[in-house]
Participant: 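I have a structure here, written as structure tokens, and I will follow up with some questions on it.
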Number of protein chains: 2
Amino acid sequence: MTKRKTLIDVATAAGVSKMTASRALRGDRDVSAASKERVIKAAKEIGYFGNNLAASLSSERSDIIGVVVPSLTNIVFPQAMSGVSDALVGTGLQPAFGVTDYDLDREYEVVGRMLSWRPAGMIVTGVDQSAPTRQLLSEAGIPIVQIMDSDGDAIDSIVGFSHRAAGTEMAQALLKKGRQRFGYIGCNLQSDLRAGRRRQGFEDALRQSGLNFEASLTRECLSSVGDGRALTQQILTENPDLDCIYYSNDDVAFGGLCYCLHSGMGVPDRVALSGFNGLGILQGFPGLIATSTTLRRDIGHAAADIIVGSLKAAKRASQTIIMQPQTLLGALDETP
Amino acid sequence: MTKRKTLIDVATAAGVSKMTASRALRGDRDVSAASKERVIKAAKEIGYFGNNLAASLSSERSDIIGVVVPSLTNIVFPQAMSGVSDALVGTGLQPAFGVTDYDLDREYEVVGRMLSWRPAGMIVTGVDQSAPTRQLLSEAGIPIVQIMDSDGDAIDSIVGFSHRAAGTEMAQALLKKGRQRFGYIGCNLQSDLRAGRRRQGFEDALRQSGLNFEASLTRECLSSVGDGRALTQQILTENPDLDCIYYSNDDVAFGGLCYCLHSGMGVPDRVALSGFNGLGILQGFPGLIATSTTLRRDIGHAAADIIVGSLKAAKRASQTIIMQPQTLLGALDETP
DNA sequence: GCAGGTATCGATACCGGTATCGATACCAGT
DNA sequence: ACTGGTATCGATACCGGTATCGATACCTGC
């Protein structure tokens, strides 16, 4: 490969100093229109693309926004990332994504490595960071936004909602519809603390009515839909009297719905199914699964906006934005 | 915020020069065990996390692997990213993801910006890059791997398969099962060139048997499952004689299955449905949709391995790995 | 005791940009 | 003609690390 082009090559080609070339390319002032044009033309001709490393090192700032998510295989996180990505288009900022696999030590590692690229801001998922991670973030001196969850202490800003409250609200809605015998099915609860909080919130509401889950199956899962189907078969076989099942999320609930449809069990009359997220998959059988719709894209978008805003304002303005999930009962709503 | 710690702070704290500190932290040779220990201890105490910008600028290399995908909302790409991410754990390399939204100009932009971080390697999706993008990549002097598609010219290495062949194979399998009246339903074909190639391959096989699609509905979609359901209703209403529908992918096909189950149409006896990817969602109704299973995670993993390997070997060894999809007919296989 | 080798360390020169400030040229106003 | 101001540009000093090479100390064998 040929040596990579540097700013000096551009400057030489344009017949100016590298400083003038630098200014011209960045649209800085103090450059005549004529030089500017010559430099830009020269840069294009020799195929110059700059070196962010040097630029950021020198200017003590980069245009990277670090985004840390626990998983890529749960579609809600890519959707949130998508919102971030969209919000940053045209701002000159660029997202960089990192994955933690729901592991707090990995998260520390990933955050540390990201910070060492001196990003302009960071977006991290959830509020359950370890103490060292929180310290890293809060000492970084850049805007930090925690997303997807508001059941905890803020490092700086938060865009999310209370999973606990979402669980409670869903339980209350189902109770109001006369459901009494509840089962719970969950996947990956070890690591997914937010799903655990939803369950807790749900349980709280049940207890307030003197009830509790009559059965509960939790398991580390691979295929959410397939496992949801299998676990639903198991729970309904072992507990044929259940009239409502709360799932850790929509994927698993949808698997349950597939089982019920396949075995001819009436949904939601005979047994009501309730998930979480309002995923697109539910459109396969509209209204049959009660869910809480969460605005993942909007959350990602809003988080990015906070960072863009506080970079422009050149000051940290911590804020907390709650994007309340909406409880949708679907067909269940039409029953008395 | 307090001034960020630099290597000099660590060196001072440990009572050595910054050069010795640098060597100690990187595990370089030429450092006594005693100094090494003191430096590492000092670094931990003052919370030093390095500055990748300076390190990479100076050493002319970074530990970033750039990964460019067209979309985050189509689950197959996050799955491939996941494979990359896994493969890089423990290698000291770090993935950085970029999104193009299926836009060739955005792709050029994203690739250019990534390259200006001087990554150690790049993984890009597909083989349909624009000429300028290809030039950027091939001149970067780093290992490049194109993934997910082998129907085109390689820049360097390729890990993928022929979508065209996959379409052909599926059509042949369905023809062999006696299907004769085919419909096609596709979402987002404008941008998803690979889905288009599958359709072409499928059509090729039909023509060889003197057949063709009797009906075809394509549309830019939002919710694949929901749109698949609606489009299937439409195509079957307008063409009640179809005995097989090929979809652009499994999501859309699954929506179609939901419609058929809901309206009591026998699948696959009355009408066979065929998708692509072997998604987990199919486990909701195992075997009812014929599909081609693609190894997204493995593709991502293999691509990352190629880069890791060629970095270790310090030479570019272009290779092409074909991970052939497997055509699964499911329940259809049990019909004569 | 001395030559030659090895282990350890630090001074110095970069890497490729940007910030800063001074130099130069040119203009208008008096 | 001279002064003061503005527009344009370049020399220089960094940013925070790493590569290189020379310096020093210590050890070994004869």
Side-chain angles (χ1 to χ4, degrees), chain A residues 3-40 42-43 46-64 92 112-113 115-120 140-141, chain B residues 3-40 42-43 46-64 92 112-113 115-120 140-141:
Chain A
K3 181 98 182 93
R4 230 183 245 105
K5 300 290 189 294
T6 77
L7 189 55
I8 296 187
D9 299 322
V10 179
T12 310
V16 298
S17 75
K18 73 168 182 170
M19 205 49 240
T20 302
S22 168
R23 282 195 269 253
L25 290 175
R26 280 176 301 138
D28 218 359
R29 5 155 308 181
D30 279 9
V31 195
S32 69
S35 317
K36 185 166 173 177
E37 192 182 344
R38 283 221 314 286
V39 169
I40 290 177
I46 70 175
Y48 173 75
F49 229 101
N51 183 334
N52 275 343
L53 295 172
S56 301
L57 175 60
S58 175
S59 61
E60 308 256 81
R61 77 182 105 83
S62 79
D63 51 9
I64 287 185
R113 291 179 78 131
L115 285 178
S116 71
W117 290 101
R118 303 294 130 106
Chain B
K3 181 100 183 88
R4 229 182 247 107
K5 301 288 188 294
T6 77
L7 190 55
I8 296 187
D9 298 322
V10 178
T12 310
V16 297
S17 75
K18 72 167 183 171
M19 205 48 240
T20 302
S22 167
R23 281 195 270 252
L25 290 175
R26 280 176 300 137
D28 218 1
R29 4 155 309 181
D30 279 10
V31 194
S32 68
S35 319
K36 185 167 174 177
E37 193 181 345
R38 282 220 314 286
V39 169
I40 290 177
I46 70 175
Y48 173 75
F49 229 101
N51 182 332
N52 274 342
L53 296 172
S56 300
L57 174 60
S58 175
S59 63
E60 308 258 83
R61 78 182 103 84
S62 80
D63 50 9
I64 287 184
R113 292 178 77 131
L115 285 178
S116 71
W117 290 101
R118 302 295 131 107

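First the proteins, then the strands, lettered A, B, ... as listed; each starts at 1.
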Participant: Roughly how many Å is it from CD in B:Glu37 to P in C:dC9, rounded to a whole number?
Facilitator: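 That distance rounds to 13 Å.
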Participant: Working to the nearest 0.5 angstrom, can you tell me the gap between B:Arg118 CZ and B:Ile64 CD1?
Facilitator: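 Answer for the CZ-CD1 pair, B:Arg118 versus B:Ile64, is 12.0 Å.
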Participant: Give the nucleotide from the list D:dG17, D:dG10, C:dG10 with an atom nearest to the side chain of B:Ala54.
Facilitator: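 The answer is D:dG17.
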Participant: So if I take residues 18-27 of chain A and measure heavy-atom distances to DNA chain C, which residues fall below 4.0 Å?
Facilitator: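 Output list: A:Lys18, A:Met19, A:Ser22, A:Arg23, A:Arg26.
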Participant: Between C:dG10 and B:Ser17, counting only base atoms on the nucleotide and side-chain atoms on the residue, is there a donor-acceptor pair under 3.5 Å?
Facilitator: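 There is none.
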Participant: Distance check, rounded to the nearest 0.5 Å: A:Asp28 atom CG versus A:Met19 atom CE?
Facilitator: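 It comes to 7.5 Å.
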Participant: Look at the side-chain N and O atoms of A:Tyr48 and state whether any lies under 4.0 Å from the OP1 or OP2 oxygen of C:dG16.
Facilitator: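 Answer is no, no contact under 4.0 Å.
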Participant: Between B:Thr12 (side chain) and B:Ile8 (backbone), is there a donor-acceptor pair under 3.5 Å?
Facilitator: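 Pair found, side chain donor or acceptor close to backbone of B:Ile8.
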Participant: Taking five pairs at each end of the helix from C:dG1-D:dC30 to C:dT30-D:dA1, what angle separates the two helix axes (nearest 10°)?
Facilitator: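 One end's axis against the other's: 40°.
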Participant: In whole Å, I'd like the distance from the CG atom of A:Asp9 to the P atom of C:dG16.
Facilitator: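 To the nearest whole Å, that distance equals 9 Å.
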Participant: Whole angstroms only, please: what is the CG-C1' distance between A:Leu53 and C:dC14?
Facilitator: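 Taking CG of A:Leu53 and C1' of C:dC14, I get 15 Å after rounding.
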Participant: To the nearest 0.5 Å, what is the distance between CG (A:Asn52) and CG (B:Leu57)?
Facilitator: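 That separation rounds to 11.5 Å.
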Participant: Examine distances only and state if a side-chain atom of A:Ser58 and a backbone atom of A:Ala54 form a donor-acceptor pair shorter than 3.5 Å.
Facilitator: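 Such a contact is absent between A:Ser58 side chain and A:Ala54 backbone.
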Participant: Would you mind reading off the distance between B:Asp30 atom CG and C:dG10 atom P, rounded to a whole angstrom?
Facilitator: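 Taking atom P of C:dG10 as the reference, CG of B:Asp30 is at 12 Å.
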Participant: To the nearest 0.5 Å, how far apart are OG in A:Ser59 and CG in B:Leu53?
Facilitator: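 Those atoms lie 9.0 Å apart.
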Participant: Report the distance from atom CG of A:Asp28 to atom P of C:dT20, rounded to the nearest whole Å.
Facilitator: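 Rounded to the whole Å, the gap is 11 Å.
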Participant: Measure across A:Trp117 and B:Ser56 and return the closest heavy-atom pair with its distance rounded to 0.1 Å.
Facilitator: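 Heavy atoms only, the tightest pair is CH2-OG, 3.6 Å.
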Participant: So which heavy atom on B:Val16 is nearest to which on B:Ala21, and how close?
Facilitator: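 Reported closest heavy-atom pair: CG2-N, 4.1 Å.
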Participant: On DNA chain C, does the nearest nucleotide to B:Ser58 precede the nearest nucleotide to B:Val16 from the 5' side, or the other way round? Give the residue.
Facilitator: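 That would be B:Val16.
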Participant: How close do B:Val10 and B:Val39 get, heavy atom to heavy atom, and via which atoms?
Facilitator: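 The answer is CG1-O, 3.9 Å.
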Participant: Quick one: is C:dC15 close enough that its OP1 or OP2 comes under 4.0 Å of any side-chain N or O from B:Ser59?
Facilitator: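 No, B:Ser59 has no side-chain N/O under 4.0 Å of OP1/OP2 on C:dC15.
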Participant: Mind checking if B:Asn51 touches a base, just sugar-phosphate, or nothing, with heavy atoms under 4.0 Å?
Facilitator: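 Result for B:Asn51 = sugar-phosphate.
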Participant: For B:Arg29 and C:dA7, what is the distance between atoms CZ and P respectively, to the nearest whole Å?
Facilitator: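 It works out to 8 Å between those atoms.
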Participant: Quick one: label B:Ser35 by what it contacts on the DNA or RNA (base, sugar-phosphate, nothing), any heavy atom closer than 4.0 Å.
Facilitator: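 If one applies the 4.0 Å heavy-atom cut-off, B:Ser35 turns out to touch the sugar-phosphate alone, with no base involved.
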Participant: Respond yes when some side-chain nitrogen or oxygen of A:Ser32 is under 4.0 Å from OP1 or OP2 of D:dA7, and no when none is.
Facilitator: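 So the side-chain polar atoms of A:Ser32 never come under 4.0 Å of the phosphate oxygens OP1 or OP2 of D:dA7.
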Participant: Separation of A:Ile46 atom CD1 from C:dG16 atom P, in whole Å?
Facilitator: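 Interatomic distance, CD1 of A:Ile46 to P of C:dG16: 13 Å.
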Participant: Taking the side chain of A:Glu60 as heavy atoms from C-beta outward, which of D:dC15, D:dT18, C:dC9 is closest to it?
Facilitator: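 My answer, after comparing the listed nucleotides, is D:dC15.
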Participant: Calculate, to the nearest 0.5 Å, the distance between atoms NZ and CZ belonging to B:Lys36 and B:Arg23 respectively.
Facilitator: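 If I round to the nearest 0.5 Å, the distance is 12.5 Å.
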Participant: Rounding to a whole Å, what distance do you find between A:Ile8:CD1 and C:dC14:C1'?
Facilitator: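 Between C1' of C:dC14 and CD1 of A:Ile8: 12 Å.
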